[in-house]
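First up is the structure itself, then whatever we jot down about it.
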Amino acid sequence: MAKDYYKILGVSRDATKEEIRKAYRRLAKLYHPDLNKGDKEKEEKFKEINEAYSVLSDDKLRQQYDQFGTTENNGFQGGAGGFGFKDFDFDFDDIFGSFSDLFGFGQRQNRKRVVRGDDIYKDLTISLKEAALGTEKELKVKFSEKCPHCQGTGAEEFETCPTCNGSGYIRKTRRTPFGIFTTTTTCPKCNGSGKIIKKKCPVCNGKGYIQKEKTIKLTIPSGAEEGDALRIPGAGNLADIPGDLYVIIHVKDDKTFYRKGDNLYYNLKLSIPEAVLGCRKKIPLIDGSSKTLRIKSGVQPGEELVIRHAGVRNSKTGHTGDLIVKVEVEIPKRLTREQRKLFEELKHTFSS
Ligand SMILES: [Zn+2]
Ligand SMILES: [Zn+2]
């Protein structure tokens with residue numbers, strides 16, 4: 001049987017989110033492993049508290065738990081394994097606030113950070129023909145790269161940080177309910193580098209990066225659909241590691257054809273005599289050519305005639321769709337005197 005998460009947190013079943021959060025805060029501090037080193041029982045309890053909070057603080061999971069007494073069939077990993085410190089870290093600052101650096105969680109090592117350039121997102125609109133058959137495109141992309149003048153630092157000249165005297169960190173002694181603690185935190189003024197900008201780089205105006213533009217050659221695979229994203233690795237903003245470029249495909253509506261999956265549709269308008277007697281009709285194809293169809297006499301409105309493999313060449317599936325020709329029969333709204341006479345005569349032949 002599943003655990004009673006309300007009981008674990010010591011709250012009623014109708015507790016508000018705020019009450020749940022408060023209860024969790026109080027218990028998490030009490031059972032935190034750093035305060036109870038080696039105490040297996042308290043560590044287990046701590047995991048239980050986290051598990052309970054993960055469920056009850058999430059509206060969807062809480063509702064499911066209330067209803068079924070479990071969250072198991074939601075892909076939710078119950079038990080100690082599912083609630084490691086990874087989940088916990090996520091909320092750490094929110095829950096503990098300044099409490100965190102008390103235990104050294106807030107101390108970040110002054111290791112060199114590798115900076116990855118941001119990804120760039122670009123929209124590209126193509127025609128239905130280009131989507132169906134694939135195409136090559138050139139795309140102008142604005143991107144940023146490290147300023148060559150200041151090597152990305154944004155500075156022409158540095159000076160020693162006055163806040164930390166160049167050490168990059170600040171020591172603080174604090175009295176807390178658990179005793180006196182000395183904590184070391186990264187200097188907020190210089191972010192741990194020990195120096196600050198004295199004179200801004202004139203080339204990038206202190207930003208550390210400059211804007212450039214490049215032309216990217218793109219191959220749009222046939223079968224592309226509205227909303228498809230093409231990823232071009234390394235074509236994003238430049239930094240230690242370049243970001244990626246994502247091109248979001250938009251497909252314009254076509255005047256002649258419309259698309260459903262890999263099939264293309266074409267509405268064929270026939271006059272009443274053409275539908276009744278049969279005819280030959282030239283059907284346009286997406287590649288610009290055409291094909292002549294023989295329409296048999298007595299074709300019905302809404303009937304679908306299929307031209308095999310004249311649809312979308314889907315390079316993802318290797319499948320080529322069909323062109324579906326949908327028959328429409330036009331009923332004339334106005335008749336000439338002669339037509340009216342002929343229809344009147346025709347009418348008699350149909351009366352039973
Ligand atoms: Zn610069
Ligand atoms: Zn500093």
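Read the numbers this way: they start at 1 and go in the same order the structure lists the ligands and their atoms. On a predicted model such as this, the values are computed, not experimentally measured, just so you know. These numbers come from the heavy atoms of this one structure, side chains and all, not from hydrogens, waters or symmetry mates.
When only modelled atom types and interatomic distance are considered, Asp14 and Tyr6 share no side-chain donor-acceptor pair under 3.5 Å. No donor-acceptor contact under 3.5 angstrom links the side chains of Ser144 and Gln211, judged on distance only.
Ring pair Tyr266/Phe257 is tilted by interplanar angle, where 30° to 60° counts as tilted.
The Zn ion (ligand 2) is the vertex of the angle joining SG of Cys164 and SG of Cys190, which measures 110° to the nearest 10°. Annotation: angle subtended at the Zn ion (ligand 1) by Cys150 SG and Cys201 SG is 110°, to 10°.
With a cut-off of 2.8 Å, the Zn ion (ligand 1) has no N, O or S atom of His149 in range.
The line from CD1 of Ile20 to CZ of Arg62 is 3.5 Å long, rounded to the nearest 0.5 Å.
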